[in-house]
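Not measured: the values here are computed from a predicted model.
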Amino acid sequence: MLILASSSNSRANLLQKAHIAFTQVFFDYDENLEKTLKADESVQKIVLNKEKQFCQQIKDTDDKTILFADSIVSVGGAILTKAKTKEEALYMLNLQSNNSVDILSAFLLKAPQKRIFSLSKTTLFFKQFDANECKTYIQSDLYKGKAGALMCEGFHKKYIIKQIGNTSTSLGLDTDTLKAYL
């Protein structure tokens, strides 16, 4: 059975919707990014570091199938992390409004006989956000824990005018690619 090495409810929900059997091992990882790396390099490095940290903490992982994953939101090459304050969330929303946003999602599937690394990208094109709706979204605190304060299945959904890439990637895990390797 697949082990999801993550505390992410979003990734757990994606695996359930894709009918992938798994158990979740809650695992906190400090996602401080190296500011010198590009978004695609950062997300890949984070996934590899998650694997390293997890395997140091949890012994006897060689005979298990473990999934490590991470996502990064980027606007114009700038990486948007998880907003720590309402002001930071508003700043991120203002960057995204009437703009394109890249969501880069990487995963590492570590199994006894294979090791699969995948990097996927979904680009969302947004129309102008309504300022009052932005304030309501931020006041709801639903942005918390979301990279770039981005909630494709919630606040952002009605503002998407074009999408290039998989929806599951934009939500945090390319389940179509993952299923191909399970």
Side-chain angles (χ1 to χ4, degrees), residues 4-15 24 26-54 67-108 119-174:
L4 172 62
S6 172
S7 299
S8 169
N9 291 331
S10 296
R11 288 192 185 90
N13 289 336
L14 287 167
L15 291 173
Q24 187 170 12
F26 290 91
F27 172 63
D28 289 321
Y29 173 76
D30 180 11
E31 297 180 4
N32 288 328
L33 302 172
E34 290 186 30
K35 302 299 182 191
T36 59
L37 297 178
K38 295 187 288 184
D40 60 337
E41 295 167 336
S42 290
V43 73
Q44 292 176 79
K45 186 170 184 172
I46 289 170
V47 169
L48 292 171
N49 286 339
K50 282 182 176 183
E51 175 200 23
K52 181 179 177 183
Q53 185 177 335
F54 183 86
L67 177 65
F68 305 93
D70 198 69
S71 295
I72 285 182
V73 174
S74 176
V75 177
I79 296 172
L80 304 183
T81 58
K82 294 174 182 167
K84 294 174 184 68
T85 65
K86 292 181 184 314
E87 294 76 22
E88 194 174 10
L90 181 59
Y91 171 77
M92 291 178 184
L93 293 179
N94 287 333
L95 285 177
Q96 298 165 22
S97 183
N98 204 35
N99 207 346
S100 64
V101 175
D102 293 327
I103 300 115
L104 296 124
S105 184
F107 74 75
L108 170 63
L119 175 65
S120 304
K121 179 173 114 174
T122 295
T123 303
L124 301 175
F125 298 84
F126 294 114
K127 61 185 173 183
Q128 184 76 39
F129 297 162
D130 178 89
N132 289 328
E133 289 181 2
C134 285
K135 288 177 186 175
T136 300
Y137 171 58
I138 290 169
Q139 290 304 315
S140 74
D141 287 339
L142 291 172
Y143 72 89
K144 289 184 176 179
K146 306 277 187 196
L150 185 68
M151 192 174 182
C152 298
E153 69 282 19
F155 170 79
H156 290 77
K157 187 174 185 174
K158 76 179 204 176
Y159 293 104
I160 299 171
I161 53 177
K162 183 178 177 184
Q163 175 178 318
I164 300 172
N166 292 331
T167 298
S168 67
T169 297
S170 68
L171 296 173
L173 180 64
D174 182 355

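- Looking at S10 and K146, their side chains come closer than 4.5 Å, going by heavy atoms from C-beta outward.
- Here the side chain of E88 pairs a donor or acceptor atom with the backbone of K84 at under 3.5 angstrom.
- The shortest side-chain heavy-atom distance between K86 and D141 falls under the 4.5 Å cut-off.
- Judged purely by atom type and a 3.5 angstrom limit, N166 has no side-chain atom pairing as donor or acceptor with the backbone of S168.
- Note that the NZ atom of K121 and the CD1 atom of I72 stand 13.5 Å from one another [nearest 0.5 Å].
- For the pair S105 (side chain) and G172 (backbone), a donor-acceptor distance under 3.5 Å is present.
- Residues V75 and F126 form no side-chain contact, since every pair of their non-hydrogen atoms from C-beta on lies 4.5 Å or further apart.
- The closest side-chain heavy-atom distance from S6 to K50 is not below 4.5 Å.
- Between Y137 and F155, the angle of the ring planes stays under 30°, which puts this pair in the parallel group of the 30/60° scheme.
- For the residue pair A39 and L104, the shortest heavy atom distance occurs at CB-CD1, 3.5 Å.
- The OG atom of S71 sits 9.5 Å away from the CD1 atom of I46 when rounded to the nearest 0.5 Å.
- In terms of heavy-atom proximity, H156 sits nearest to F129 at CD2-CZ, 3.6 Å.
- Among all heavy-atom pairs drawn from S97 and Q128, the shortest one is OG-NE2, 3.1 Å.
- At a threshold of 4.5 Å between non-hydrogen side-chain atoms, the residues D40 and Q44 count as touching.
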**CA sep, side-chain torsions, deciding dist, call: S100, K162, side-chain contact (heavy atoms from CB on, under 4.5 Å)** = CA-CA 9 Å; S100 64; K162 183 178 177 184; over 6 Å; no
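- When all heavy atoms are compared, the tightest approach of T169 to S120 is OG1-CB, 3.6 Å.
- A side-chain donor-acceptor contact under 3.5 Å links Q163 to the backbone of G165.
- T122 places no side-chain N or O within donor-acceptor distance of the main-chain N or O of T167, the cut-off being under 3.5 Å.
- L150 contributes atom CG, which lies 5.0 Å from atom CD1 of I103 (distance to the nearest 0.5 angstrom).
- Atom-to-atom distance recorded for N49:CG and F54:CZ is 15.0 Å, nearest 0.5 angstrom.
- Here the CG-OG distance, from D70 to S42, works out to 9.5 Å after rounding to the nearest 0.5 Å.
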**Message:** Working note: F125 + I160, criterion side-chain contact (heavy atoms from CB on, under 4.5 Å); need CA distance, chi angles, decisive distance, verdict.
**Reply:** CA-CA 6 Å; F125 298 84; I160 299 171; over 6 Å; no
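- Donor-acceptor pairing under 3.5 Å is recorded for the side chains of Y159 and E133.
- Here the shortest heavy-atom pairing between V47 and A106 reads CG2-O, 3.6 Å.
- The heavy-atom pair separating M92 from A149 by the smallest distance is SD-N, 4.0 Å.
- With contacts defined as side-chain heavy-atom distances shorter than 4.5 Å, the pair Q96/L80 qualifies.
- With rounding to the nearest 0.5 angstrom, the NZ atom of K82 is 13.5 Å from the NZ atom of K144.
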